[in-house]
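Worksheet: the structure to be examined is printed underneath.
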Amino acid sequence: MSAQHDTVYLTTAQAIIRWLSNQFIEIDGQEYRLCGGGFGIFGHGNVTCLGEALNTVRDELPLYRGQNEQSMGFAAAGYAKQWLRQRFMFCTASAGPGTANLLTAAGLAHANRLPMLMLCGDTFITRLPDPVLQQMENYYDPTFGVNDAFKPVSRYWDRITHPAQVIQSLPAAIATMLDPGDCGPAFLGLPQDVQGWTYDYPVKFFEKKVHRIRRQSPDADEIADAAAALAGAKRPMIIAGGGVQYSKAVTELTEFAEKHKIPVVETIAGRANMLATHPLNIGPIGVTGSDSANAIAEKADVIVAVGTRLQDFTTGSWTAFAKDAQFISINAARHDAGKHMSLPVVGDAKLSLKSLTQAVDYTAPAEWVSLAQEGRHKWDAYVAENVSYGNRPNSYAQAIGVVNELCDTRDRVVAAAGGLPAEVTANWRTLDIGTVDVEFGFSCMGYEIAGAWGARIAQSEREPEKDTITFCGDGSYMMLNSDIYSSVLSRKKMIVLVLDNGGFAVINKLQNNTGNESFNNLLEDCPTIPEPFGVDFTTHATAMGATAEKVANPAELAEAFKRAKASDKTYVIVMDVDAYEGWTTEGHAWWEVGTPHTSADENVRNAHVEWETTREKQRKGI
């Protein structure tokens, strides 16, 4: 510290880490450190300076050693989801390929509106040693490098070219990650020389700061317009998205629906906004939805969309609704609130639902509610049959049903890519609020295990006695499985269900449904594989320190799951499932897929014509 006692002499890296360790947040009346720690893989671009700084705060900001930079980012996303975007993790990677490996994870965090701070090595600002190890040289712009690729997938991006910059950049990055409307990943490029440069930083910059998530009140005129539209509704419905949970507006959503007797459907991100047994919960909507939800969506005249970006799968590529239906979109993000000619209500979901409730005296027609509930009863009966097992092939749905029956109500369920997100969304019966994480915003293979590790780290901070359970296909397992090892090393137990269907079976199903023959998806349909064989997943998982076993059927799965629950370390259960039989066949809405307009194959031509037959229902931007 200087003689004036108002500045402190630090490197850029030391200043970043000291500042981060002094940021806190108030959650439900309790203070937590805003940053829960980080995931790191060191290389020459971050070990000497940033690594030195992180070592001094190893207790305040625990650093989890990653196995793969992409999986580190997935784990950070899983952590942020579990904390409802109120806390985040940082990821640090070395310059060049280490940082480049984070790009997919940044895309996932961006699409899902999740906070994640990336502290990534960069080339030397002085350029004296150029070209350095792993530097991508750009002939026409020497300032343009690998780190610039993160600009489209970051909500905040900066390259620190002088130590003083962090005084402005760090608060700006945090403000972005905590903003309900702009939330997403923040990227800081840290040139290797600048990381070690020093500066006399103001001591005040490092004082403890307690953050709070902003709640934006809705505009009175927008509430009035929404109230007028709702007051005239004959067949209203509510779409509940993930933003309901991020706003902690589950109670307000339920009270709003109950007061006005409006049926509620859930998006993929909004699963677990309501218990499965709530009489106004009509089911999940969209391509991976339920017959009950899609049936009322097709008839609804006023649709209150809360905390959803109205993504393609939720909207059935915009064929799930009547063309003249009026949307009211309540969203903290202006970008999302105005989609498809919605009446926008830009504001916090909790405050907006309260305001709209007060502004309208309305009750939905009883016959409309009865119609919706009748559809839900039929859907429940279908799901009960779908998840049951006996003398038929093993399926995803059966595995889901077994876990649903035996898990604790507060256990967290994770799924991501392939066929499992649809199967979990359609068949899982919510046991408690906020217990389901189906990552389908970016639908990233590999999130299943890595994201579950991050979720388990977060879960262990408040509910250590509960479990994180992840459903993973064999394709996703092969793509990214190393955080089984991470979970054992860090003693963050997970239960991993590996459901093996011999390849990329859901894409094979899509391939067949569009008239194409099976090709390059299932192992047995790859011309370049002379003798297909499966992976011994139990031996592989055991080699990474987990307990693992293979079961032959859902009955054996049930007993294995009980053993997994009783175990104190990561437990992997493998079961073969049929690639063709046992898919959930009901509940789907139309999905726009690019199909060949001409082909030498008659089956492909006919499938194209059939696929396009329902396009006339599509809302074209209105």
Side-chain angles (χ1 to χ4, degrees), residues 85 110-113 155 176 178-184 213-250 252-253 255-257 260 262-270 273 285-286 297 300-318 320-362 364 441 618-622:
R85 304 196 310 195
H110 191 285
N112 286 282
R113 320 293 205 251
R155 291 286 188 168
T176 301
L178 293 183
D179 187 279
D182 291 336
C183 184
I213 304 293
R214 178 185 301 109
R215 289 193 181 277
Q216 180 179 340
S217 296
D219 179 80
D221 290 337
E222 291 186 347
I223 288 291
D225 289 343
L230 184 59
K234 297 178 180 177
R235 298 175 302 280
M237 64 177 279
I238 298 167
I239 301 177
V244 173
Q245 291 180 42
Y246 294 141
S247 174
K248 294 189 173 181
V250 166
E252 287 70 21
L253 171 78
E255 291 175 347
F256 180 82
H260 304 294
I262 303 176
V264 179
V265 302
E266 294 180 326
T267 69
I268 300 172
N273 276 322
I285 187 173
D301 59 349
V302 176
I303 299 158
V304 182
V306 187
T308 170
R309 61 195 184 101
L310 296 173
Q311 189 250 17
D312 179 36
F313 262 62
T314 294
T315 61
S317 298
W318 289 104
F321 311 100
K323 289 185 178 180
D324 59 352
Q326 176 63 64
F327 277 80
I328 300 167
S329 288
I330 298 173
N331 207 295
R334 174 190 56 79
H335 174 80
D336 293 321
K339 289 177 178 173
H340 277 253
M341 300 292 286
S342 290
L343 289 174
V345 177
V346 180
D348 173 69
K350 181 188 285 280
L351 299 181
S352 298
L353 285 168
K354 285 181 177 179
S355 296
L356 186 56
T357 296
Q358 294 167 0
V360 63
D361 183 14
Y362 171 82
Q618 191 172 42
R619 293 165 62 99
K620 296 178 172 61
I622 58 172

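Under the side-chain contact (heavy atoms from CB on, under 4.5 Å) rule, Leu253 has a single partner from Leu353, Val304, Ile330, which is Leu353. Just one of Leu310, Ile285, Asp301 meets the side-chain contact (heavy atoms from CB on, under 4.5 Å) condition when paired with Phe321; it is Ile285.
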Could you list the donor-acceptor pairs under 3.5 angstrom formed between side-chain atoms of residues 228-244 and any protein atom two or more places apart in sequence or on another chain?
from: Arg235; atom 1: NE; to: Lys299; atom 2: O; distance (Å): 2.6

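Shortest non-hydrogen contact noted between Asp312 and Ser317 is OD1-OG, 2.5 Å. In this structure, Ala325 and Ile303 approach most closely via the heavy-atom pair CB-CD1, 3.9 Å. The heavy-atom pair separating Arg85 from Cys183 by the smallest distance is CD-SG, 3.8 Å. Arg155 and Thr176 make their closest contact through CB-CG2, 3.5 Å (heavy atoms, listed as atom of the first residue, atom of the second, distance). For Asp179 against Asp182, the heavy-atom pair with the smallest separation is OD1-N, 2.9 Å. Across all non-hydrogen atoms, the minimal contact from Ala332 to Pro180 is CB-CB, 3.7 Å.
The salt bridge (Lys or Arg N to Asp or Glu O under 4.0 Å) test applied to Glu252 returns Lys350, not counting sequence neighbours. Residues passing the side-chain hydrogen bond (donor to acceptor under 3.5 Å, both in side chains) test with Asp225, sequence neighbours excluded: none.
Separation of atoms CD1 (Ile223) and CG (Leu356) is listed at 5.0 Å; rounding is to 0.5 Å. Separating the CD atom in Gln326 from the NE2 atom in His340 is a distance of 13.0 Å, to the nearest 0.5 Å.
At distances below 3.5 Å, at least one donor-acceptor pair connects side-chain atoms of Glu222 with backbone N or O atoms of Val346. Between the side chain of Thr315 and the backbone N or O of Gln311, at least one donor-acceptor pair lies under 3.5 Å. With hydrogens and angles ignored, the 3.5 Å screen pairs no side-chain donor or acceptor of His110 with any backbone N or O of Gly184.
Proximity of Asp336 to Arg113: side-chain heavy atoms (C-beta onward) are separated by under 4.5 Å at one or more points. Residues Thr357 and Glu255 are not in side-chain contact: their nearest non-hydrogen atoms beyond the backbone lie 4.5 Å or more apart. Using a 4.5 Å heavy-atom threshold, the side chains of Ser247 and Arg215 count as touching. With a 4.5 Å cut-off on side-chain heavy atoms, Asp348 and Arg214 do not count as touching.
No hydrogens or angles considered: nothing links the side chains of Arg309 and Thr314 as a donor-acceptor pair under 3.5 Å.
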